[in-house]
Amino acid sequence: MRSAFGERFEVPPGYLNTPSIGVPPASAADAVAEAVARWRRGADRPPDFDAVVAASRAGFAQLIGVGAERVGSGATVSQLISMVAAGLPDGAKVLVAEGDFTSVTFPFAACARRGVTITEAPLAELADHAEGHDLVAVSVVQSADGRYADLDALRATGVPVLLDATQAIGWQPLDLGWADWVVSACYKFLLAPRGAAWIAVHPRAMERTVPVGANWYAGENPWDTVYGLPMRLADGPRSFDLSPTWLSHVGAAVTLPYLASLDLAQVRAHCVKLADSVLTGLGLPERGSAIISLPQPDAPERLTEAGVVCSKRAGRTRLGFHLYNSAEDCDLVLTALRGQEARSSDHPSP
């Protein structure tokens, strides 16, 4: 059991796979376990979960710098982005980053029959290519290697922007209220069980977002829209809600407010310091991100043998550092990959 940033985490040494699955704080795991215990006793009723859905919605809003009234709730990033794709006019032109996560790009590619076209550009040059496009869609931090999108440059283009914050939210401060749409899943750096996702919609983008999954829970009062026509959806982004995955929101109602309560500049500094210490220990340049990728072809095997949990992405080894990681994890990586005892620089416990 590790203690970090005021919480306890039952995370083993060498767990550097948060970009795939985050490890929950004990309080969130306990809340989900208690919910499962109630479920097995038949002790809950559907309205009992409204409070946790509201809490996770508010936590997401706070983490990206918007009001909760701008947030709709769904299940996956691709499902939420599909509502944006459905709102594009026939023949629209979409610009994306080369090699971005396909949940960002596939919803637009699926609109090809309507003449929607997608252009890929290098991440660093995205803003330079934005002119003439109807939308730019990009991850704030790239899943494969932790590179950042230049948000200031994208904002300055004046072209509508959709941001996937999944690999950025929870470990660094974000102020994304300017973007037309911001989406995120819950189960990586947000440390909740998989099954919840959110979309923040700017008021100017409401009419360009189509509730393709319109359902009873998207009603102003969901318990009055269970049966019968006509369709009567809530005003604003609540009209994009999906019926919630209860246990996921039980966890998210703990983890998102917890993360929002932290000094995220401090969290970012902690994560980046650890990640950069691994890079410099291997003779590689610092990148200033909590997610890094390593080029050594035999790295996955050597790290696995050393007890390090990581992922292979885009032909490289991906490591991700979060608030529960420490210098001990860096030492495991360096020792495994340098083939000798290696000590990372001093990292005080948070």
Side-chain angles (χ1 to χ4, degrees), residues 63-67 70-72 77-169 172-185 197-212 236-237 240 287-289 291 293 314:
L63 284 163
I64 64 167
V66 304
R70 282 175 53 172
V71 176
V77 162
S78 58
Q79 172 264 325
L80 295 172
I81 293 179
S82 292
M83 298 191 292
V84 179
L88 290 173
D90 292 355
K93 298 179 179 179
V94 180
L95 180 67
V96 301
E98 289 178 347
D100 209 338
F101 195 67
T102 53
S103 288
V104 177
T105 58
F106 277 12
F108 301 107
C111 296
R113 69 187 66 184
R114 297 197 291 111
V116 174
T117 58
I118 303 177
T119 300
E120 290 184 293
L123 180 68
E125 302 172 13
L126 211 56
D128 297 334
H129 294 268
E131 185 176 355
H133 289 85
D134 299 288
L135 173 68
V136 178
V138 66
S139 297
V140 176
V141 170
Q142 289 292 298
S143 169
D145 55 20
R147 288 177 300 148
Y148 291 87
D150 188 341
L151 301 186
D152 290 338
L154 288 175
R155 184 177 186 179
T157 67
V159 175
V161 173
L162 179 148
L163 299 174
D164 179 1
T166 300
Q167 298 289 13
I169 188 171
Q172 63 172 309
L174 296 173
D175 185 8
L176 305 179
W178 58 271
D180 294 73
W181 300 273
V182 183
V183 298
S184 178
W198 299 270
I199 182 168
V201 184
H202 197 285
R204 65 172 175 263
M206 276 296 301
E207 295 302 316
R208 292 177 283 131
T209 314
V210 179
V212 294
F240 308 130
R287 297 177 189 165
S289 178
I291 301 172
S293 64

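Reckoned from all heavy atoms, side chains included, excluding hydrogens, waters and symmetry mates. These numbers were taken from a predicted model, which means no experiment stands behind them.
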Does a side chain donor of either Ser139 or Asp100 reach within less than 3.5 Å of an acceptor in the other side chain?
-> yes
Do the side chains of Thr166 and Phe101 get nearer than 4.5 Å, heavy atoms only?
-> no
Hey, does the side chain of Arg287 reach the backbone of Ser293 with a donor-acceptor pair shorter than 3.5 angstrom?
-> yes
Reported CG-to-CE distance for the pair Asp180 and Met206, which is rounded to 0.5 angstrom = 12.5 Å
Give a yes or no on whether the backbone of Ser78 and the side-chain of Ser103 come within a donor-acceptor separation of less than 3.5 Å.
-> no
Should Asp90 and Arg114 count as an ion pair when the cut-off is N to O under 4.0 Å?
-> yes
For residues Gln142 and Glu98, report the shortest heavy-atom separation together with the two atoms involved.
-> OE1-O, 4.5 Å
Verify, without hydrogens or angle tests, whether Thr157 (side chain) and Ala153 (backbone) share a donor-acceptor contact under 3.5 angstrom.
-> no
Rounded to the nearest 0.5 angstrom, the CG-CZ distance for Leu88 and Phe108 is 6.0 Å
Go through the steps for Gln167 and Ile291 under the test side-chain contact (heavy atoms from CB on, under 4.5 Å), then give the verdict.
-> CA-CA 8 Å; Gln167 298 289 13; Ile291 301 172; 3.7 Å; yes
Heavy-atom closest contact (Ser184 atom, Asp164 atom, distance) | CA-OD1, 4.3 Å
Taken to the nearest 0.5 Å, the spacing of Phe240 CZ from Thr209 OG1 works out to 4.5 Å
Minimal non-hydrogen separation, Ala86 against Val212, with atom names | CB-CG1, 3.6 Å
Ile81 CD1 to Trp181 CH2 distance, which is reported to the nearest 0.5 Å = 10.5 Å
Could you pull out all residues at least two apart from Arg113 that satisfy salt bridge (Lys or Arg N to Asp or Glu O under 4.0 Å)?
-> none
Does any non-hydrogen side-chain atom of Val66 lie less than 4.5 Å from one of Val71?
-> yes
Apply the test side-chain contact (heavy atoms from CB on, under 4.5 Å) to residues Thr119 and His133: give CA-CA distance (whole Å), side-chain angles for both, the deciding distance (0.1 Å), then the verdict.
-> CA-CA 9 Å; Thr119 300; His133 289 85; 3.8 Å; yes
Looking at side-chain heavy atoms only, is the closest gap between Val159 and Asp134 below 4.5 Å?
-> no
d(Arg208 CZ, Leu162 CG) to nearest 0.5 Å is 10.5 Å
Supply the atom-to-atom distance Leu174 CG to Gln172 CD, rounded to the nearest 0.5 angstrom.
-> 5.0 Å
Does the pair Leu151 and Val140 meet the rule for a side-chain contact (heavy atoms from CB on, under 4.5 Å), with working shown?
-> CA-CA 8 Å; Leu151 301 186; Val140 176; 4.1 Å; yes
When every non-hydrogen atom of Ala185 is compared with those of Val77, the smallest separation belongs to N-CG2, 3.5 Å
Are the side chain of His129 and the backbone N or O of Leu126 linked by a donor-acceptor pair below 3.5 Å?
-> no
Side-chain heavy atoms of Val96 within contact of Glu120, under 4.5 Å = yes
Cys111 to Pro107 - nearest heavy-atom pair and separation = SG-O, 3.5 Å
Check Val138 against Val104 and note the closest heavy-atom contact, atom names and distance.
-> N-CG1, 4.1 Å
Could you list the residues that satisfy salt bridge (Lys or Arg N to Asp or Glu O under 4.0 Å) with Asp145, not counting sequence neighbours?
-> Arg147
Derivation of the side-chain contact (heavy atoms from CB on, under 4.5 Å) call for Val183 and Leu163 | CA-CA 6 Å; Val183 298; Leu163 299 174; over 6 Å; no
